[in-house]
Structure formats: C-alpha cells, structure tokens
Amino acid sequence: MVSFELNEDHRLLEQSVREWAHREVAPRIRELDRAHRFDPSILPQMASLGLLGISVPAEYGGAGMDYISLGIASEELEYVDTSLRVIMSVHAGLNCLTLLSWGTEEQKQRYLVPQAQGLKIASFALTEPSAGSDARGIESVAIRHGDRYVLTGEKMWISLGHVADNFLVFAWTDLEKKRARDTSGMSAFIVERTFKGFASGTLDQKWGILAGNTGFFKMDEVEVPRENLVGREGEGFKIAMFALDQGRYTVAAGATGLVRACRDASVQYARTRKTFGVEIGEHQLVKEMIAQMESDYQASRLLWMRAGWLKNVGQRNTRETGLAKWFATVASERAAGDAVQVHGANGYSDEYPVGRFYRNCKGAVIYEGTREIHKIMQADYLLGYRTDRPSRCELPAWEGTTK
Ligand code: CAA
C-alpha cells in the first residue's frame, strides 16, 4: 500500500526543527547574511536536535532516523535559510552517510561516532579549481609511501571548508589511470585539518548563502595514514558518486523547502499589498505565479519522497535522486524569481526575505551536479546509456512503424 502520510516520528521531527529554526535562526538570519557571517554556535544547537547524525544508527552515535526524516529536516532548515540545510547536506549527508556505508569499523569509531554526535564537523571535498562537473578531471594525487599516503592538491567550493574538522577527500592513487581518465585509479581518504600541510580559507566573494561558510584548502604533501583510506584503492570515484546520492537528496528536499518559503511569503504579501484598489492577490497574473509555486512545491516534495523511500528500502536511487534534485532546484529558482516579482520593488530590497531566497537558490542549480549534468543523466537513463536503473519501454506495434 502506498501512503503519503507522515508518521508520528516524522511529524515530531518536523515540528521540533521548525520551532527551533523559526525561534533561534529566523529572527537574526538577515543580520548574519548581511554580515557574511557563519555563526558556529548553530552547530551545537543542531547537534542537540540530533540533526548532525540524523540518519546514522544510534550504535554509531546518531539519531537513527530514516531517509524521509532527513528530507523533512532538510526542507524545514532551508525554509528558514539555505545555509542551515547546507550544514546538514555536507556533514550528515555527504560525509557521515558515506562513512557509514564505506568506512571500516575503526573509521566509524574514530570519525563517524564523534561526527554523528556533533563533536566534530565534517565535509566532502571533490571539486577543484579546474574540475567541477567533470569529476574525472581532478588533479589531486595521493602517493603511497609505506604505511602512509602523501596527498597534494587543491580543493575549492567546499562547504564548511574553513570550519570542518574532517574531510572526505578524493585523489588519484594511480597516475597512469589519471592520465587515461580511468576512474578506477581514484581513491578516497579521511583528512583531518590538523594534518601537517593542510591550509584552508574562506571564499568570501560569493553572493549567495552568505550565512554559510564556503571555502578552499590546499594540501601540501599532507601525510595521511593508510588506515584513513576509505574503501579500497581505486574505489574513490564510486564512493564520490555514492556520496552525491546522499547530498543531492538533501539538496532536493532543501530546495523544496525554499519553494515553500517563496510561496508562503508571496501569499502573505499578496494578501496585504494593495494596488488598483484591491489586494494584489486579486490580480490574475499574481495568482498565476502563486499557483505555479504550489505545483512546484507539491511535485518537488513527491520527487524527493520517492527517492527517500527507495533509500529506505535500500535500492539504488541515483536516477530518482538526480531527478528530484534537478526538478526542485530549478523550481526553487523559478519560485524565488517570482517571489521577488510578487513583492515588486520591496522584493528588490532585503527588508523582505525573498531577495535572500533569490540569491540563495542559484547555488543549488550549480552544485552537486549542475542542471545540465542532471538533464544529461536523465536522458541517458531513458536512452539506455546509463543502466543502474533501466527504463522499460514497450511500444505497441503501431501501424506504419517497423521494429
Ligand atoms: N553509487 C555507486 N557507484 C556508482 C554510482 C553511485 N551512485 N554512480 C556511479 N557509480 C559507479 C558506476 O557504476 C561506474 O562503475 P563501473 O565503472 O564499475 O561501471 C563508475 O562509478 C563510474 O560511473 P559513471 O560511468 O557514471 O561516471 P561518469 O564519468 O559517466 O560520470 C558524471 C559522469 C555523472 C557527469 C559525474 O562526473 C558527475 O556526477 N559529475 C558531477 C559531479 C558533482 O556533482 N560535483 C559537485 C561536488 S560538490 C562539492 O565538491 C562541494 C561541496 O561542498 C558539496
């Protein structure tokens, strides 16, 4: 039986995250955003709500909640500000859930447990100055010397890059395969910021998600113990793609929350602002924008929930997660643009939150797979070029067609 009802645990989570974000963050988010300031005091608060290890089992220090819970929390956080959801995406999604699936027992005890408890903050580092969409194009290398690897390279656009304690880092361990762009030569490592040769900074030129930290780091012959290799040598690319299945899911659900925030702000404004002697909600072209936001919200929510359900039952979900991420992020861009439009000149000022929504939505149309990468992936599933979730196409023998 298919059910669209949230269970009691989901509803309690939704309520507690909503109340916390509305009470503790919403009243001061504009000031944090204006000051381009990441507030680290948010992290222990998120930890006490269980959000930093939300879908990690209790035996590894987490809250043991399912994937639908992860989606609900993502929606609620991004409803208030994208920077909150990004914390959960990189720490709990991209990093913790990947260690849970690919880490050794020792790695889980040493890294996952304190991360899930929120005692250590973690991030994910694939992107480099010259390699974003083209994940095979990274330049970082990890050369084995006895019981250690020596990592050299640079990572960029790393969420929490100047904040996190631990990073899941991708680098080539086979230089011949690097030259041939054969992904079976890439490996994954846990790198601590305290390792010698690691240096990070904040990218302070960005114009969205200003209350979040986005950084870069350089690894200058950073020595990483062999025990910090995640998975086997050569499995790094698969691990990166697996991690993105987790991260993209939280991005999809988060963008859905942003669509809802745009919708609610627009409805409220349309009921108070008057032009031509009536509330602007009376004008059909305003109704059109609000109706679009509602259909975008409902469709985005169904898409991330379907991906979450597949995750809950342990099925491969790259296809469904990618579709949810693509659709919801593009929908959030449309909703934010229209929310500013509904607010008119007021939307063009940061007296109202919709200007911030407009700046915040754009990042997710680019990171964790651009809109274009996701379009190509969806087409490739249909065309049979990607086969992990095959399509069924059973055309009838229409008159005039040949097989
Ligand atoms: N789980 C497990 N294995 C997977 C997988 C998954 N989700 N996805 C792919 N794989 C496996 C494949 O099965 C394949 O294995 P075999 O060779 O054994 O068959 C292998 O990995 C290679 O996969 P693909 O053939 O799909 O690789 P590709 O080169 O065709 O991928 C691409 C192309 C889809 C465009 C990919 O490069 C991609 O997703 N690019 C976008 C990267 C991205 O999102 N970057 C943003 C990172 S965000 C960041 O770093 C900053 C931050 O703070 C979050």
Side-chain angles (χ1 to χ4, degrees), residues 82-83 85-98 101-102 121-138 140 153-164 167-171 177 180-188 200 202-203 206 209 212-217 230-232 234-252 254 307 310-311 314-323 325-326 329 363-381 383 385-390:
T82 306
S83 61
R85 192 271 304 151
V86 169
I87 293 170
M88 210 168 66
S89 289
V90 294
H91 173 95
L94 285 160
N95 190 303
C96 289
L97 289 174
T98 308
S101 285
W102 291 85
I121 299 302
S123 185
F124 170 87
L126 176 64
T127 303
E128 298 189 355
S130 59
S133 293
D134 180 12
R136 288 173 192 243
I138 64 169
S140 293
E154 190 175 349
K155 297 290 177 182
M156 199 169 174
W157 296 109
I158 305 304
S159 304
L160 304 182
H162 199 41
V163 169
F167 297 85
L168 187 58
V169 173
F170 301 87
K177 290 184 173 171
R181 290 172 54 86
D182 173 351
T183 54
S184 68
M186 207 185 277
S187 303
S200 74
T202 291
L203 291 169
K206 73 179 170 31
I209 322 181
N213 177 264
T214 309
F216 62 89
F217 62 82
V230 181
R232 287 194 297 263
E235 285 185 324
F237 193 82
K238 288 184 189 188
I239 295 172
M241 293 299 123
F242 173 90
L244 286 165
D245 283 348
Q246 321 308 314
R248 288 168 180 169
Y249 175 67
T250 60
V251 174
L310 285 169
K311 287 172 189 292
Q315 282 193 39
R316 179 78 181 262
N317 54 83
T318 307
R319 181 177 185 171
E320 291 77 8
T321 298
L323 181 62
K325 191 271 180 189
W326 165 36
T329 55
V365 186
I366 298 169
Y367 56 62
E368 299 204 32
T370 60
R371 175 182 58 201
E372 291 68 29
I373 289 288
H374 284 292
K375 281 185 184 177
I376 289 167
M377 287 175 76
Q378 291 304 319
D380 285 351
Y381 278 114
L383 292 162
Y385 304 145
R386 295 186 76 89
T387 52
D388 54 86
R389 295 280 289 169

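In each ligand, atom 1 is the first atom listed, and ligand 1 is the first ligand listed. Values below: every heavy atom of this structure, side chains too, minus hydrogens, waters and symmetry copies.
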* Find the distance between OG1 (Thr250) and CG (Leu94) and round it off to the nearest 0.5 Å. => 6.5 Å
* Structure fact -> Among non-hydrogen protein atoms, atom 39 (O) of ligand 1 lies closest to Arg248 NH2, 3.1 Å
* To do: Note the single closest protein heavy atom to atom 10 (N) of ligand 1, along with its residue, its atom name and the distance in Å.
  => Arg316 NH2, 3.9 Å
* Measure from atom 17 (O) of ligand 1 to the protein's non-hydrogen atoms and state whether any distance is below 4.0 Å. => no
* Run the numbers for me: atoms of ligand 1, each under 4.0 Å from some heavy atom of Leu94, listed by number. => 54 (C)
* Side chain, backbone, both or neither: which part of Arg386 has a heavy atom under 4.0 Å from ligand 1? -> side chain
* **Test of proximity, Ile158 against ligand 1: N or O pairs below 3.5 Å** => no
* Answer yes or no for atom 33 (C) of ligand 1: protein heavy atom present at a distance under 4.0 Å? => no
* Structure fact -> Closest heavy-atom pair, Trp157 versus Lys206, reported as atoms and distance to 0.1 Å, is CZ3-CB, 4.4 Å
* **salt_bridge(Glu235, Arg232) N-O dist < 4.0 Å** => yes
* To do: Could you tell me if any non-hydrogen atom of Gly247 lies under 4.0 Å from any atom of ligand 1?
  => no
* So which bit of Ile376 gets within less than 4.0 Å of ligand 1, heavy atoms only: side chain, backbone, both or neither? -> neither
* **Polar side chain donor-acceptor pair, Thr202 to Asn213, under 3.5 angstrom** => yes
* Using distance alone, with no hydrogens and no angle criterion, decide if Lys177 and Ser184 have a side-chain donor and acceptor under 3.5 Å apart. => yes
* Asked: Relative to the heavy atoms of Thr318, which atoms of ligand 1 are at a distance of less than 4.0 Å?
  -> 7 (N)
* In terms of side-chain geometry, is the basic nitrogen of Arg319 or Asp245 positioned less than 4.0 Å from the acidic oxygen of its partner? -> no
* ligand 1 and Ser159, any nitrogen or oxygen pair closer than 3.5 angstrom? -> yes
* How far is atom 35 (C) of ligand 1 from its nearest protein heavy atom, and which residue and atom name does that atom have? -> Ile373 CD1, 3.7 Å
* To do: Look only at the side chain of Thr387 and the backbone of Pro390, and say whether a donor-acceptor pair between them is shorter than 3.5 Å.
  => no
* Asked: Against heavy atoms of Leu126, which atoms of ligand 1 measure under 4.0 Å?
  -> 50 (O)
* In Å, rounded to the nearest 0.5 Å, how long is the span from CD of Gln246 to CE of Met241? -> 12.5 Å
* Look at Lys325 together with Glu368 and state whether they make a salt bridge at an N to O cut-off of under 4.0 Å. => no
* To do: Sort out for me which residue in Leu160, Thr98, Leu244 forms a side chain to side chain contact (heavy atoms under 4.5 Å, CB included) with Phe124.
  => Leu244
* Asked: Closest non-hydrogen protein atom to atom 42 (C) of ligand 1, residue and atom name please, with distance?
  -> Gly132 O, 3.7 Å
* Asked: Which value, rounded to the nearest 0.5 Å, describes the distance between Phe216 atom CZ and His162 atom NE2?
  -> 8.0 Å
* To do: Could you pull out, from Ser89, Ser133, Ser184, the option with a heavy atom nearest to atom 40 (N) of ligand 1?
  => Ser133
* Pull out every atom of ligand 1 sitting under 4.0 Å from any heavy atom of Phe242, numbered as shown with elements. => 1 (N), 6 (C), 7 (N)
* To do: Could you tell me whether a side-chain N or O of Arg371 sits under 3.5 Å from a main-chain N or O of Val365, the two making a donor and an acceptor?
  => no
* Is there a donor-acceptor contact under 3.5 Å linking the side chains of Asp388 and Tyr381? -> yes
* Would you mind checking which non-hydrogen protein atom is closest to atom 47 (C) of ligand 1, with the distance to 0.1 Å? => Thr127 OG1, 3.5 Å
* Structure fact -> To atom 46 (C) of ligand 1, the nearest of Glu235, Arg181, Met156, Glu368 on a heavy-atom basis is Glu368
* Short list, please: which atoms of ligand 1 are under 4.0 Å from a heavy atom of Gly369? -> 43 (C), 44 (O)
* Hey, does the Lys NZ or Arg CZ of Lys155 hover above the aromatic six-ring of Phe167, less than 6.0 Å from the centre and inside 45° of the axis? -> no
* Asked: Does atom 13 (O) of ligand 1 have a protein heavy-atom neighbour under 4.0 Å away?
  -> no
* **Taking atom 29 (O) of ligand 1 as the reference point, the nearest protein heavy atom with its distance** => Arg136 NE, 2.7 Å
* **ligand 1-proximal atoms of Asp134, by part, heavy-atom distance under 4.0 Å** => neither
* Quick one: look up the protein heavy atom nearest atom 7 (N) of ligand 1 and list residue, atom name and how far away it is. => Asp245 OD2, 2.7 Å
* Trp157 to ligand 1, any heavy atom closer than 4.0 Å -> yes
* Structure fact -> Numbered in order shown, the ligand 1 atoms found under 4.0 Å of a heavy atom of Ala135 are 37 (O)
* If you round to the nearest 0.5 Å, how far is OG1 of Thr318 from CG of Leu310? -> 10.0 Å
* Structure fact -> protein heavy-atom neighbour closest to atom 31 (O) of ligand 1 works out as Phe237 CZ, 4.0 Å
